[in-house]
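Every chain is numbered from 1 and lettered A, B, ... according to where its sequence line falls, protein lines coming before strand lines. The analysis underlying the following values was restricted to heavy atoms, covering all of them including side chains, and did not include hydrogens, waters or symmetry mates.
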Amino acid sequence: MMALLEIQDLESGYGEVQILWGVNLSLEKGRLTSLVGGNGVGKTTLLRTITGTIKPWRGSVRFNGQEIGHLPAYRKPDLGVVLVPEGRQLFTDMSVRENLEMGATNSRARAHAAQNLERVFGLFPRLKERESQRAGTLSGGEQQMLAVARGLMAEPEVLMFDELYLGLAPVLVLNLFETLQQLKREGLTMLLVEQNVHMALSVSDYAYVMAEGRITLEGPAAEVAQQDEVKKAYLGI
Amino acid sequence: MILQVQGVSKWFGGLKALSQVTLDLPQGQILGLIGPNGAGKTTLFNVINGVYAPEEGRVIFMGQDVTGKKPYHVAHMGMARTHQIVQPLNELTVRENVMVGACFGRENHNLNEAQQIAEQVLEFVGLGDRADQFAGSLNVAQKKRLELARALASRPKLLLLDEVLAGLNPSEIASMIQTVSAIRDQGVTIIMIEHVMHAVMRVSDRIVVLDYGQQIAEGSPEEVSKNPKVIEAYLGDPKLAERLGRLSHD
Amino acid sequence: GGGAPAEEAAPTEAPSSGVSEEPAPATEAPGAPEAKEVTLKIGFTASVTGKYEVSSAAQVNGLKLWMDSVNEAGGIELSDGTVVTFDYIFYDDESNKERVQELYTRLATEDNADLLISPYSSGLTAAAAVIAEQYGKVMITTGAASDSTYQQGYTHVFQAYTPASRYLTGAVDLLASLDPNVTKVALVYENSKFSTSVVTAARDYAEAQGYEVVLFEGYDPETADFAPFINKIEAAGPDAILGGGHRVDGKAFAKQLYEKGTPIKFFALLVAPPEPEFAELGDAAVGVIGPSQWEPLAAFTPASAEAIGATWLGPLGNEFVSAFEAAYGDEPSYHAAGGYAAGLILEGAIRSADSTDPEAILAALNGMDLMTFYGHIKFDTSPENHGLQIGHSMVYIQWQRDASGNLVKQVVWPKEGATAEAIYPIR
Amino acid sequence: MSDILLPSLVDGLLLGFVYGIAAMGLSLIWGVMDVINLSHGPIIALGMFGIYLIFTNTGLNPYLALFVVALAGLLLGMIIYGVAVHRVIDAPHLSTLLATFSVNMIIIGIGTALLTTTPRNIDFTLGSLSVGPITVPWTRVAAAFATMLVTGLLYLFLYVSRPGKYIRAVANNRVAAELMGIPSARILALSFGLGTMLAAIAGGLIATFFPFTILSGGSYELKSFVICVLGGLGNPLGALFGGLILGGLEGLTPAFMPTTWVPVLEFGLFVLILLVRPSGLLGSKS
Amino acid sequence: MRALRSPGLWLALALTAAAGAWPYFTGSASNREVAFTILLSVALASSLNILLGYTGYVSFGHIVFYGLGGYMGIYLLSERGVSLWLAVLAGGAIAGLLALLLGASILRLRGAYFALATIGVNEAARAFINNFQPFGGPIGMTLNFRLYDHYGGAARALWMVYGVMLGLTLLVILVSYLVKNSKFGLGLLAIRENEDAAEIMGVTAPQAKTWAYVLSAIFPGMIGVLFFFKNGNIEPHDAFRLHLSIEMIVMVMLGGYGTVLGPVLGAAGYQRLRGMLLVSPIFKNIQLAVAGGLLLIIVLFVPAGAVGWLRHRVPVLRKVLE
Ligand SMILES: Nc1ncnc2c1ncn2[C@@H]1O[C@H](COP(=O)(O)OP(=O)(O)OP(=O)(O)O)[C@@H](O)[C@H]1O
Ligand SMILES: Nc1ncnc2c1ncn2[C@@H]1O[C@H](COP(=O)(O)OP(=O)(O)OP(=O)(O)O)[C@@H](O)[C@H]1O
Ligand SMILES: [Mg+2]
Ligand SMILES: [Mg+2]
């Protein structure tokens, strides 16, 4: 297996405050990887650095062997690197449908926008019902669905989720579980950043644990789940 | 009864987000409010604390009809809430955010008192070391705690918690549950919207389930979790639900 | 303010003494035997920016031209041998009142200006007058026609322009002379200080002459679209229209009145018509009459001075025009002439006072009866209207096509100065 | 009186079109980027001078010159955005107000120095159209048509074309737009450019029938503010509609009361409408 | 009172008082005029800041209070013969009253729509006064020069007006500070950040906003009387000059909105810059464009305003620069 996305010695932060202190992480093609860690350790910051919302200070981000760390955020979706961001970041004043259309703006996804629309409406029938409602007036969970659906519209090669399950009803969590397996079968590479450590570790193949801006542990998800420190710190056992 | 919701309905255009919702809440209880996404839970909070006026029905808080009263009116009477989608006062410090709650809530404190209350409450929710930071620079999980701190600082009689557990990891959830219980033990009545089932089941005295704006079930956690309508609409397939239950109870 | 400011300000408290204490060279002991050269500083603000920019610039150019010609001629020689030359200092008032007083105070105190000229426009002049009066500085106002400034009890402010109250009265006389049968006139005006004063006086005058004022109505100063207003005028059915406001609205009004084809026999408009750029209107300009403080064609001569017993001073009209054209490249407007005239008024006062003493100059102005290329200058000296211009009167121009079809301005009133017969009716 | 109602209404409405297009520029930049463009008025004036200078120097038909002016307006707007606005687009609330205000001062300052405030007029006429009691210059009719055309194109652009939707997306949430692959800086520059282009076109059209100076843009800027409210921010059809209402009102009012009361009524009504429908006559309720 | 022991307040007051005393020391009327313009701006900007900076409501037409107050004052002075003191109080009162009436209605509007409404109010007021004959309509009102004799002649009167202006400015700064450091002020700041959330926390927003509006209107009303008294006449387009309204916002933003010292520095800096350019031999012919260019540079590189920038750069100053 080769690493589709390879992150080496990545450092970044906000203003003068450094948050990431040399992160190494790689996503193997077709694998579902999860990144877990406590509150405020820098998971979101890592995703923001990968997408280019904030600039890396040092280190490299390679995609398909090509350095992409310096590229501005808007160039990433064209390559196939897509993020479903924390806090959803919807276009609140646009309709549900327009939000989905905006997901498919990159050059790769445009051609299949219609098909993909069908697909995400299949996955989230509730969105179909709310197609022309202003996104800002959706319920919290509906907004989360829309954010995930919009990410899928981009036809990503690497799809990263920041807090995928946030605010979703159990029934939907189960559905999404199925969906992720399905996407994996279709060959999508995914990175799941989660607080819901149980859930994350149970669905993914490989896992990283982050603390204070560094990766402290990695390995196959099942093994990581058995580590004592993980059990103590994150699983509340 | 500290709160009575009597036959409340709320429309958004053609959508009936709440339909004849009725519930009574005795003092000192924790009521769990669950239901699928878009069921109308947050909308019910908005009606209870005056953000929306309902088209039908009445809301009675501490014996007073507060239907259609402004949010600050009920806030002064002792109702506080947190937001599912956080609403920090970004360019104020964390401490000032909490002081707003203390100053304008039920007890109407002056600035000095409010500052002391803020310090206490921030310690309590674990934001003590961030008091001087601008609220805007917190991350989402921290902002959620800030929401709780602001609500607590107003020394409420009734606390509406909208998904305070979302985004916390299991050990944090465990500590938050203790926090919530501790608040209840101080005599505060709580309504809690949650999707983290094992947590709701553990702390709630009673649970109300909404689906498409309708109350589809009400009862003790035990009763509700066995209710087939709830399993179908909310928990999903019973077998998966069971597995989920195991996962959460490990 | 406490005690300190009053003490500090003491020198400026009594206006008349304030000036004599200034170490101005002008007030050196008269006994000095050898010929001295004295440079008097003239201070003013100009609207370098803002809506009055063009008129103000013309006024300043006129004033500078006067100054240059006096200085180049070696200054004014007084009988004691003193040679008086002039210098000036000015600031941008941005066409608004906010800083006028600040700048005039600076001129009067820091810069020690000996004499002041007003800013352009009645509004700014009113603010400047408070300062001039306070420091006892003589101020000649030009480009400021409102009457009200001279009714506030000032004693140091003198007006070069024919006041607003007499701006349009001549047009009424002209109309009467052209067609005794016309009875219906419309007075329409920009709802601003200057034009309202003008038409209010004109209405009283017209009514006294037996005219029926079928419409007396203002329009907002920002008006660009006159179409609805013109519809209303048409409905009132006047034979003649008098009024207007300033340059932009006047031009717009004339243009749209023409485009609408409003049947009108006589049309007199304030401010805009005498300006050269009015010709850009083409056919719409033909027949439009405008009051002007001065026109290049006006021919006042030493003889006309003699006829009324006034003193003559300065160049002839054509000399002024050619000097102005040589200096600035274009034909002078009446604002330019007004600026030059303000200078001449000062010069006349100094010559007749034969002194640079402020009191003497003031006395000379009060007694002034002067004729220049710009016309007759004489000031009201009654306490109620002190400084109001009573000598000068307006001329009226009309745009006409000459033999080769070019648009030209002709003076059509008063009869004595007329260069052509007025076109009547215009449509 | 009734005989002046119809002609006055027609006069007012025709002018209303032009008000509409001027307001559209302001409304676009405001609604889409949350930038109150205080250089709007001076840019309208530059549009007027653009047509004037081209026409008096080359004799080119003003309607052809309008294309040149539109393009220049677009470029100017993008330059203004790049130089003056982009750096502060994320800065505290209202910094962009200062930035565009500085641009206003610069344009007016240089404009006054170079162009003076002499009122200018384009000696160009298409004659007048007379139907019954109504007489209107053809130039105004042409301006109305041009406005309808521009409005239609703009509407299609914003709501149908891809870049148009990008504009709305960037306006709504810049971070998200970037994450979706939309180059927000370019899109913002384009939006600003479009807004100034509309202002320049409005100025160009006005110049074909009214005399003007470098300061003349000011009153259209003010009217544009009013119209933005009548029509709701960011919506081109709304701006056109608001322009027509304002124009109609200006046309009809003099028939019923002294003309000087027009602005009192206009602004009084404006405040009243705001109170009744806080997001504009066409804006969504609440 | 804890608030009165704050270095931030004293710094702002001391700076203003020092600048304000400068004409007294030099005895120069010219300096006095320069200082008057600056103090006027400082007071206007600080008043506006209560609404704009603390409450987050952008009043574009704030000058309406200055204009209306000025008109009321001049009317009373010239037509009713009341004393300057009464006229100043009346100017403040009428402005406050208008704000109270308006506040109940237009403060319901949010963001841009509120800003637009205030423009509408200002323009409507200007247009109305332009037609209102008791106030002289388009001609306005002119004070007779002899009126100054009641105050010891024009020269003394202008010194006196200056003294009052200085006192008023210090008062505005004090009020601005007290508001910011009060519970009322905390409520305003909460409204600025998120009005809905503030209401839910119990801030009685409609009331708080209205009082902020009234407070920020009273001083401009009084200042208007002083300015037009000094100026000797008043006309509609001078009194309700929208441009000045925008300049007020500029000054607040330049210094740093929401701070006590910001509007003081912003107003002083802006007026000083404009004043210097106006009389500068090199720039005076294109002073407007040069001022615009300088302003732009400041805006681009110090977007948070002077005080905001300092607070950010030098955290130790946060205690001093409120
Ligand atoms: N925009 C920002 N400006 C300044 N500091 C920030 C910003 N966003 C986050 N931080 C800080 O960076 C640190 C890491 O935050 P980050 O959001 O990356 O954590 P996280 O691991 O995603 O946490 P969570 O699980 O709670 O989402 C935190 O201390 C946070 O306060
Ligand atoms: N302002 C609004 N306009 C239109 N529809 C709305 C508005 N607010 C909420 N809705 C709709 O009303 C329904 C109920 O929303 P609500 O936020 O109460 O759901 P919820 O139960 O809190 O869901 P979740 O668990 O996802 O947060 C949703 O379908 C939502 O889209
Ligand atoms: Mg995170
Ligand atoms: Mg919800």
Side-chain angles (χ1 to χ4, degrees), chain C residues 1-2 4-15 18 48-50 90-94 96-111 122-123 126-127 129-131 133-135 146 148-149 151-155 189-197 200 218 220-221, chain E residues 21 23-34 36-37 40 127 130-131 136-140 142-148 152-164 166 227-228 230-238 241 243-244 274-275 277-279 284-289:
Chain C
E7 275 162 40
E8 300 281 347
T12 55
E13 246 172 78
V48 179
T49 51
F90 80 98
Y91 302 117
D92 181 10
D93 55 41
E94 303 178 280
N96 83 57
K97 221 178 265 178
E98 225 87 305
R99 286 183 188 272
V100 164
Q101 292 198 325
E102 177 183 332
L103 296 171
Y104 270 87
T105 306
R106 186 186 166 99
L107 288 166
T109 62
E110 298 283 291
D111 302 326
S122 302
V130 177
I131 303 298
E133 187 68 21
Q134 178 191 157
Y135 291 106
S146 274
S148 67
T149 310
Q151 289 152 6
Q152 308 307 328
Y154 297 136
T155 51
Y189 57 96
E190 181 192 42
N191 201 23
S192 70
K193 183 174 185 147
F194 163 70
S195 32
T196 309
S197 331
T200 310
D220 193 66
Chain E
Y24 288 117
F25 285 120
T26 56
S28 151
S30 176
N31 288 348
R32 180 198 69 209
E33 290 297 306
V34 173
F36 185 91
T37 310
L40 176 115
N130 216 0
N131 286 292
I139 296 176
T142 306
L143 290 180
N144 196 300
F145 196 71
R146 277 184 290 275
L147 201 89
Y148 296 117
R156 297 233 3 196
L158 294 202
W159 275 106
M160 184 189 74
V161 168
Y162 176 75
V164 179
L166 176 58
F227 178 80
F228 289 104
K230 182 177 96 86
N231 220 48
N233 75 341
I234 188 166
E235 286 172 60
H237 65 91
D238 292 318
R241 213 158 56 87
H243 190 85
L244 185 57
R274 304 274 286 124
L277 286 174
L278 273 181
V279 298
K284 64 182 176 186
N285 287 314
I286 47 160
Q287 51 88 9
L288 194 64

Start with the C-alpha gap between Lys193(C) and Thr142(E), add the side-chain angles, then the distance that decides, and say whether side chain to side chain contact (heavy atoms under 4.5 Å, CB included) holds. CA-CA 11 Å; Lys193(C) 183 174 185 147; Thr142(E) 306; 4.1 Å; yes

Identify the two heavy atoms, one from [X] and one from [Y], that lie closest to each other, and give their separation to 0.1 Å.
{"X": "Gln134(C)", "Y": "Ala155(E)", "value": "OE1-CA, 3.2 Å"}
{"X": "Ser28(E)", "Y": "Glu110(C)", "value": "OG-OE2, 3.2 Å"}
{"X": "Lys97(C)", "Y": "Phe227(E)", "value": "O-CZ, 4.2 Å"}
{"X": "Glu102(C)", "Y": "Glu33(E)", "value": "CA-CB, 3.5 Å"}
{"X": "Tyr135(C)", "Y": "Ala29(E)", "value": "OH-CB, 2.7 Å"}
{"X": "Ser197(C)", "Y": "Ile139(E)", "value": "OG-CD1, 4.0 Å"}

Measure [X] against the heavy atoms of chain E and call it side chain, backbone, both or neither at under 4.5 Å.
{"X": "Asn191(C)", "result": "both"}
{"X": "Tyr104(C)", "result": "neither"}
{"X": "Thr49(C)", "result": "side chain"}
{"X": "Gln151(C)", "result": "backbone"}
{"X": "Arg106(C)", "result": "both"}
{"X": "Asp92(C)", "result": "both"}

Which residue out of [options] racks up the most heavy-atom pairs below 4.5 Å with chain C?
{"options": "Val34(E), Leu288(E), Ile234(E)", "result": "Val34(E)"}
{"options": "Ala127(E), Ala157(E), Pro138(E), Gly140(E)", "result": "Pro138(E)"}
{"options": "Leu40(E), Asn233(E), Asn131(E), Leu166(E)", "result": "Asn233(E)"}

Check each atom of [X] against the heavy atoms of chain C and say whether the ones under 4.5 Å are side chain, backbone, both or neither.
{"X": "Arg241(E)", "answer": "side chain"}
{"X": "Phe228(E)", "answer": "neither"}
{"X": "His243(E)", "answer": "neither"}
{"X": "Leu158(E)", "answer": "side chain"}
{"X": "Phe36(E)", "answer": "neither"}

Which one wins on heavy-atom pair count under 4.5 Å against chain E: Ser192(C), Ser146(C), Ser122(C), Ala129(C)? Ser192(C)

Chain E contacts, top residue of Val100(C), Asp111(C), Asn96(C) (heavy-atom pairs, under 4.5 Å): Asn96(C)

Working for side chain to side chain contact (heavy atoms under 4.5 Å, CB included), residues Asn231(E) and Gln101(C): CA-CA 7 Å; Asn231(E) 220 48; Gln101(C) 292 198 325; 3.3 Å; yes

Give me the one residue out of Leu103(C), Leu107(C), Thr109(C) that meets side chain to side chain contact (heavy atoms under 4.5 Å, CB included) with Ser30(E). Thr109(C)

